[in-house]
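Report on one structure; see the data block that follows.
Source: prediction; values computed, not measured.
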Amino acid sequence: MSDSPKKYRLDRTAFQARNASEQVNYGKEHQKLTWQERLRIHQYLNSIAYGYDLNNPPRMDKTFFQIKKRE
């Protein structure tokens, strides 16, 4: 990913607590983005939420799962 993480920096002053009747649909802003751009934003926000490096995401621990045959 060559995009800078600062490109998607969260502006904490842009949001306000509102009830359902006052809620604005923020999804319209993101509808004009391509699915690739939305995916990059999603990956960046996940890296922030789970605390991993965006350029070096953790690998899945495959030893946690077991495979059993059904008889």
Side-chain angles (χ1 to χ4, degrees):
M1 303 227 141
S2 62
D3 290 334
S4 170
K6 294 179 183 178
K7 182 177 179 181
Y8 303 115
R9 189 167 208 136
L10 180 64
D11 181 8
R12 296 182 190 276
T13 62
F15 302 99
Q16 300 173 355
R18 299 177 182 197
N19 62 25
S21 63
E22 299 171 334
Q23 185 60 36
V24 178
N25 187 2
Y26 291 107
K28 289 182 181 179
E29 242 179 75
H30 296 286
Q31 283 179 345
K32 52 190 163 186
L33 298 175
T34 65
W35 67 268
Q36 292 96 342
E37 291 170 324
R38 289 192 303 254
L39 182 61
R40 281 190 204 103
I41 293 169
H42 170 75
Q43 290 171 334
Y44 171 71
L45 291 175
N46 267 348
S47 73
I48 297 300
Y50 293 106
Y52 62 85
D53 181 21
L54 185 60
N55 297 321
N56 187 18
R59 296 185 56 102
M60 182 172 69
D61 182 10
K62 295 181 181 176
T63 61
F64 184 76
F65 301 97
Q66 294 179 359
I67 298 175
K68 295 181 181 178
K69 285 190 172 183
R70 297 174 93 186
E71 296 185 79

Should Y52 and I48 be counted in the same cluster of Ile, Leu, Val, Met, Phe, Trp and Tyr side chains packed under 4.5 Å apart? no
Any residue meeting side chain to side chain donor-acceptor pair (under 3.5 Å) with Q36, in chain and number order, not counting sequence neighbours: T34
So, taking the atom named CZ in R38 and the one named NZ in K32, what distance separates them when rounded to the nearest 0.5 Å? 12.5 Å
To the nearest 0.5 angstrom, please state how far the CG atom of L39 sits from the CG atom of N46. 10.0 Å
side-chain contact (heavy atoms from CB on, under 4.5 Å) partner of S47, the single match among L54, D53, N55: L54
Partners meeting side-chain contact (heavy atoms from CB on, under 4.5 Å) with D61 (sequence neighbours left out): T63, F64
